[in-house]
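Contents: one structure, followed by commentary.
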Amino acid sequence: MIDDLKLPEAFVIAIDGPAGSGKSTLAKRLSMELGAVMIDTGAMYRSATAIAMDADIDVTDEWAVVNKTQGIEIVFVPDGDIQKVIVNGADYTKRIREPEVSSKVSIVAAHGAIRDIMTEKQRQMGANGRIVMEGRDIGSNVFPNAEYKFFLVADDMVRAKRRMAELGEGGREISIEEVLDNIRARDRLDSERTQSPLVKAEGAIEIDTSNLNIDEVLSRMINYLSSGGQGAS
Ligand code: DC
């Protein structure tokens, strides 16, 4: 853990970007380095999606999903080097990463009323302490006044290969074309929705992670934090 960075006692670091740009890995590493709490907001939209699907709700029916999501309890529990996702008391860590959830989550995340519920929760979760929050609209909408903002990007094929490797670790058989299609479809839905689309927030530092390894991206982020605003690109 780095403690000579002279960062404030409390801060929000927003990390946004498309699927496979490296947000989750970097958010995890950065939060460990800084002794900060990491909040994976994609896992929250995935949780709402999984809960709706498990109740046989048509995810295109916004109000039915809202009904099921109001009062949803999502808790992140550190467990070794992962975070368990506990939804309404049950362990949803694996469920929310299943391809059927991944293929529907952008539909749920496009519902304005669901975004309102999640945004409210995220603001509460990020209200105190040192927070690294990753998602699509953290710097632009959830915490527009975040002390530090990063926007990670990478080539489509690089992102698909990363997703493929992650899925491989979970023992799933899927082709690279399928993963690429899924990523592009989600990019489209995430970028074209009306409420809080995926955009680079004002003041965000963009890092293209296509040709960088995790340590290289991490050190650019830390350089930026330590220089109080310079040296990331
Ligand atoms: O990062 P991820 O793949 O786990 O995100 C899952 C979905 O949730 C993805 O379609 C984008 C959406 N999302 C969002 O709209 N806003 C966020 N802050 C985080 C994720």
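Remember, it's 1-based here, ligands and their atoms both numbered in the order they're listed.
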Report summary line: Residue, atom and distance of the protein heavy atom nearest atom 3 (O) of ligand 1 read Arg186 NH1, 2.8 Å
Requested in this report: Check each atom of ligand 1 against the heavy atoms of Ser106 and keep those under 4.0 Å away; list them by number with element.
Outcome: 10 (O)
Query raised in the report: Is Arg193 in contact with ligand 1, taking contact as a heavy-atom separation below 4.0 Å?
Result: yes
Query raised in the report: Judging by distance only, is a nitrogen or oxygen of Thr41 under 3.5 angstrom from one on ligand 1?
Result: yes
Report task. Could you tell me the residue and atom name of the protein heavy atom closest to atom 18 (N) of ligand 1, and the distance to it rounded to 0.1 Å? Result -> Asp137 OD1, 2.8 Å
**Report entry** Carboxylate-amine/guanidinium proximity below 4.0 Å for Asp215 and Arg29
**Finding:** yes
Report summary line: of all protein heavy atoms, closest to atom 20 (C) of ligand 1 is Gly42 CA, 3.5 Å
Query raised in the report: Are Arg95 and Glu98 within salt-bridge range, i.e. N to O under 4.0 Å?
Result: yes
Query - Option of least heavy-atom distance to atom 5 (O) of ligand 1 (set: Glu134, Met44, Arg136, Lys23) - result: Arg136
**Report entry** Atom indices of ligand 1, in the order listed, that fall short of 4.0 Å to a heavy atom of Arg46
**Finding:** 2 (P), 3 (O), 4 (O), 6 (C)
**Report entry** Backbone of Ile72 reached by a side-chain donor or acceptor of Lys121 within 3.5 Å
**Finding:** yes
Query - Numbered atoms of ligand 1 (with element) below 4.0 Å of Ala109, judged on heavy atoms - result: 12 (C), 15 (O)
Requested in this report: Locate the shortest heavy-atom distance separating Asp156 from Arg184; write the atom from each residue and the value.
Outcome: OD2-NE, 3.0 Å
Query raised in the report: Can you name the closest pair of heavy atoms from Met44 and Met118 and give their distance?
Result: O-CE, 3.6 Å
Requested in this report: Just let me know how Arg97 lines up against ligand 1, side chain, backbone, both or neither, with a heavy-atom cut-off below 4.0 Å.
Outcome: side chain
Query raised in the report: So how far is it from Ile51 CD1 to Asn88 CG, rounded to the nearest 0.5 Å?
Result: 4.5 Å
Query raised in the report: Do Val217 and Val132 share a hydrophobic cluster (ILVMFWY, side-chain heavy atoms under 4.5 Å, transitive)?
Result: yes
Requested in this report: Check whether Phe11 and Phe150 end up in the same hydrophobic cluster, where Ile, Leu, Val, Met, Phe, Trp and Tyr are linked by side-chain heavy atoms less than 4.5 Å apart.
Outcome: yes
**Report entry** Numbered atoms of ligand 1 (with element) below 4.0 Å of Asp190, judged on heavy atoms
**Finding:** 9 (C), 10 (O), 11 (C)
Query raised in the report: So, is Tyr45 polar-close to ligand 1, with some N/O to N/O distance under 3.5 Å?
Result: no
Report task. Write out the residue and atom name of the closest protein heavy atom to atom 16 (N) of ligand 1, then the distance separating them to 0.1 Å. Result -> Arg115 NH2, 2.9 Å
Query raised in the report: Should Gln122 be listed as contacting ligand 1, given a heavy-atom distance under 4.0 Å as the test?
Result: no
Report task. To the nearest 0.5 angstrom, please state how far the OG atom of Ser219 sits from the CD atom of Glu216. Result -> 7.0 Å
